[in-house]
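Order of the sequence lines fixes the chain letters, A, B, ..., with proteins taken first and strands second; residue numbering starts at 1 for each chain. Every value quoted in this text rests on a predicted model; they were computed, and no experiment measured them.
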Amino acid sequence: MELSTGIILEILNGATPEKPTFQVINAKKIESSNTVDRYRLLLSDGEYVYSHVMLAAQLNKMWENNEVPNMSVIEATRYLCNKLQGDKRVIILLDLKVLASGSDVKCKLGNPTQLNPNSIPTSTPKPAMDSGINEQKAAVFKPQNNNNTALSTGNTTVQQTHQVNSLEKKSLTPGTPNSRVHSIASLTPYQNRWRIRARVTMKSNIRTWSNSKGEGKLFNCNLLDDSGEIRMTGFKEQVDKFYDMLELNKVYYISRCTLKTANKQYSNLNNDYEMTMNPETVIEPCNDDSDLPVISFDFVKLSELEQCKPPTSVDVIGVVKVCNDVNSVVGRQSQKEILKRDLQIVDQSGLAVSLTLWGDEANKFDGQGFPIVAVKGARLSDFNGRSLSVSGSSQLIVNPDTKEAHVLRGWFESGGRDQNFSSYQSEGGSGGGQSSNWKTFLQVKSENLGQGEKADYYTAKGTVVFVKKDNCMYQACPTADCNKKVVDLGNGQYRCEKCCREFPNHKWRMILSCNVADHTDNQWITCFQDSAEGMLGMKADELGQLRETDEMRFDQVLQDALFKSYIFRMRAKVETYNDESRLKTVCVAANNVDWKEYGNQLISQIAQLGI
DNA sequence: CCCCCCCC
């Protein structure tokens with residue numbers, strides 16, 4: 001256990017040694033108009049005690065949990081020294097580790113003297129050879145604690161080495177101190193002098209707002225360097241000053257923004273802080289940008305969206321196969337009219353997915369010539385299975401000059417455009433809003449599908465093992481939209497009670513009860529007209545004729561329907577008759593198995609097992 | 001100082 005003797009003075013004079021150790025003599029909560037409590041510490045390095053020490057608010061809980069009782073020896077893992085007005089200097093502890101609890105140390109180490117914050121002596125830089133002097137100092141230093149805590153001095157040589165290292169890490173360019181460039185990851189609200197060099201990886205449109213607090217305009221952009229990303233927002237005057245100057249993908253020197261804690265609710269960037277431009281903000285273009293990372297995409301194939309759990313953000317790239325006209329909707333909450341345009345994008349995975357653009361971006365989008373769109377951070381929802389939207393934090397790039405885009409273009413022009421594409425949209429219309437939700441029949445039971453207030457939709461591959469012949473079809477009202485069963489009046493007339501009319505004819509409607517099996521279980525399902533006709537390979541009217549004229553052939557049609565496999569889309573809901581409840585499963589669609597697609601589905605299910 | 005990301 002060592003205190004970094006004399007280190008406080010060096011830090012106050014601008015040194016930035018790594019991981020200095022201190023003793024916390026005292027801590028007190030300061031009164032603040034701010035909603036956040038702040039702690040002020042009395043910190044000792046064994047030689048001096050300094051009182052202008054603040055704790056970054058995120059460390060408050062260590063004190064609130066009594067993890068750092070007075071007299072604890074700590075290592076300052078991250079810290080800053082800021083100059084305030086009047087040349088006052090304050091040390092801010094950003095991150096720390098307790099090396100020895102005050103409950104063990106119990107007393108003040110060494111015999112430190114109080115530093116007067118208003119007259120801090122300049123520490124003369126000590127050359128490496130000077131360490132002997134330091135050791136002399138150490139000899140003078142008398143630890144009062146004589147238990148097992150041996151105290152020694154900080155080693156100046158080592159400290160200076162650390163200092164050089166840490167400056168190297170911060171890309172200190174030889175020359176004036178002003179040429180120092182900070183990394184984005186090092187920015188905190190506790191610094192007041194910094195400059196970053198960063199690439200613009202997202203630039204929003206200019207938006208306006210109007211609320212009870214006022215109105216104005218703003219934009220934001222994301223900045224990237226090799227240490228991380230940060231969001232930057234500009235309001236009003238700063239919009240006028242910097243919006244046109246900041247270009248997507250270009251690199252700038254940026255300084256003097258206001259740092260604040262990021263509201264994670266609205267930011268998908270990996271940074272605890274974000275920054276706001278202010279009247280002091282300086283932004284200068286930087287032309288030498290080759291060393292900085294460029295906007296990077298982590299593209300998800302459109303077929304892989306199935307495995308993404310909405311709502312989430314994804315990077316996607318696709319060819320705009322369909323570009324719908326721009327139209328407008330009224331926002332449910334805002335009650336404002338918003339322009340929108342739906343695109344349908346496709347890729348080599350054979351999927352077509354809807355991508356919605358909003359506002360100005362929707363208005364200005366030109367869908368001519370099947371453009372390629374890449375979206376960083378598109379919002380994925382489960383509407384119609386899967387849908388994408390370009391949200392405020394997304395960046396849309398049209399016809400990017402990237403390898404992925406060229407490969408995609410090549411595929412599209414050499415036959416991809418003529419391909420048939422699958423969609424996540426559930427067949428049969430009424431199952432919207434769900435993903436395909438693949439289930440086995442055993443899962444349907446074990447997961448209690450259909451027990452909720454709303455019906456559950458799921459997709460299953462199954463084989464027809466039994467078809468009920470009785471009551472599989474009925475005579476229905478011939479009116480186009482009426483499927484009501486008619487009464488055969490026996491005189492060649494059929495009466496529909498719903499339409500209150502008699503007709504000389506009727507149509508045939510089907511209600512086919514089938515038992516369908518997969519490798520786990522079986523399930524009784526009800527198939528109405530369209531799916532039943534498909535499974536029997538015959539139109540209901542023809543089948544009705546057959547039933548009346550040639551029962552053997554009719555039986556054969558039902559027989560031939562057995563042991564065929566389909567991809568079933570089901571609607572499951574528990575229904576209760578006479579106090580008896582049972583799961584009713586309606587087949588919304590029965591599609592022939594596309595073995596390639598189904599194989600891919602199985603592959604992705606296997607992938608989801610994470611084996 | 002925004003922070004809605006909309007609608008079907």
*Just call it for A:Glu237: base, sugar-phosphate, or nothing, with non-hydrogen atoms closer than 4.0 Å on any strand.*
nothing
*Protein-nucleotide distance (A:Met277, atom CE; B:dC2, atom P), rounded to Å*: 16 Å
_Geometric cation-pi criterion A:Arg341 and A:Phe365, 6.0 Å radius, 45° cone_ = no
*asked:* Heavy atoms only, 4.0 Å cut-off, all strands: where does A:Lys217 land among base, sugar-phosphate and nothing?
replied: nothing
*Rounded to the nearest angstrom, tell me the gap between atom NZ in A:Lys336 and atom C1' in B:dC3.*
13 Å
*Could you tell me the separation between the CD atom of A:Gln265 and the C1' atom of B:dC4, rounded to a whole number of Å?*
12 Å
*Under a 4.0 Å heavy-atom cut-off, which of residues 296-305 of chain A touch DNA chain B?*
none
*Remember a base hit wins even if backbone is also touched, and classify A:Gly392 as base, sugar-phosphate or nothing at under 4.0 Å, heavy atoms.*
base
_Looking at A:Asn271 and A:Glu229, would you say the former's side chain and the latter's main chain have a donor-acceptor pair under 3.5 Å?_
yes
*Presence of donor-acceptor pair under 3.5 Å, side chain of A:Glu337 and base of B:dC7*: no
*Among all residues two or more places apart in sequence or in another chain, which pass the side-chain hydrogen bond (donor to acceptor under 3.5 Å, both in side chains) test with A:Arg89?*
A:Asp87
*From the options B:dC2, B:dC7, B:dC5, select the nucleotide whose nearest atom is closest to the side chain of A:Ser391.*
B:dC5
_Qualifying residues under salt bridge (charged side-chain N to carboxylate O under 4.0 Å, His left out), relative to A:Lys241, sequence neighbours excluded_ = none
*When only distance counts, do a donor and an acceptor, one from the side chain of A:Arg341 and one from the base of B:dC7, lie under 3.5 Å apart?*
no
*Kindly indicate whether the side chain of A:Lys236 and the base of B:dC1 share any N or O donor-acceptor pair separated by less than 3.5 Å?*
yes
*Check every atom of B:dC2, B:dC7, B:dC3 against the side chain of A:Trp358 and return the nucleotide holding the closest atom.*
B:dC7
*A:Asn363 has an atom CG; how far is it from atom P of B:dC6, in whole Å?*
19 Å
*Donor-acceptor pair between A:Ser267 and A:Arg231 side chains, under 3.5 angstrom*: no
*Report yes if a donor N or O on one partner sits less than 3.5 Å from an acceptor N or O on the other, where the partners are the side chain of A:Lys213 and the base of B:dC1; otherwise report no.*
no
*Phosphate OP1/OP2 of B:dC4: any A:Tyr266 side-chain N/O under 4.0 Å*: yes
*Given side chains that start at C-beta, do those of A:Arg417 and A:Phe370 come closer than 4.5 Å, heavy atoms only?*
yes
*Distance, rounded to the nearest Å, where A:Glu274 contributes CD and B:dC3 contributes C1'*: 9 Å
*Rounding to a whole Å, what distance do you find between A:Phe383:CZ and B:dC7:C1'?*
8 Å
_Nucleotide B:dC8, atom P - distance to CG of A:Leu388 in whole Å_ = 19 Å
*Rounded to whole angstrom units, what separation is found between the CE atom of A:Met275 and the P atom of B:dC3?*
21 Å
*When rounded to the nearest 0.5 angstrom, what distance separates CD in A:Gln344 from CG in A:Leu351?*
10.5 Å
*Examine A:Lys217 relative to A:Tyr243 and say whether NZ or CZ is less than 6.0 Å from the centre of the six-membered ring and inside a 45° cone about the ring axis.*
no
*asked:* Using a heavy-atom cut-off of 4.0 Å across all strands, would you classify A:Arg207 as base, sugar-phosphate, or nothing?
replied: base
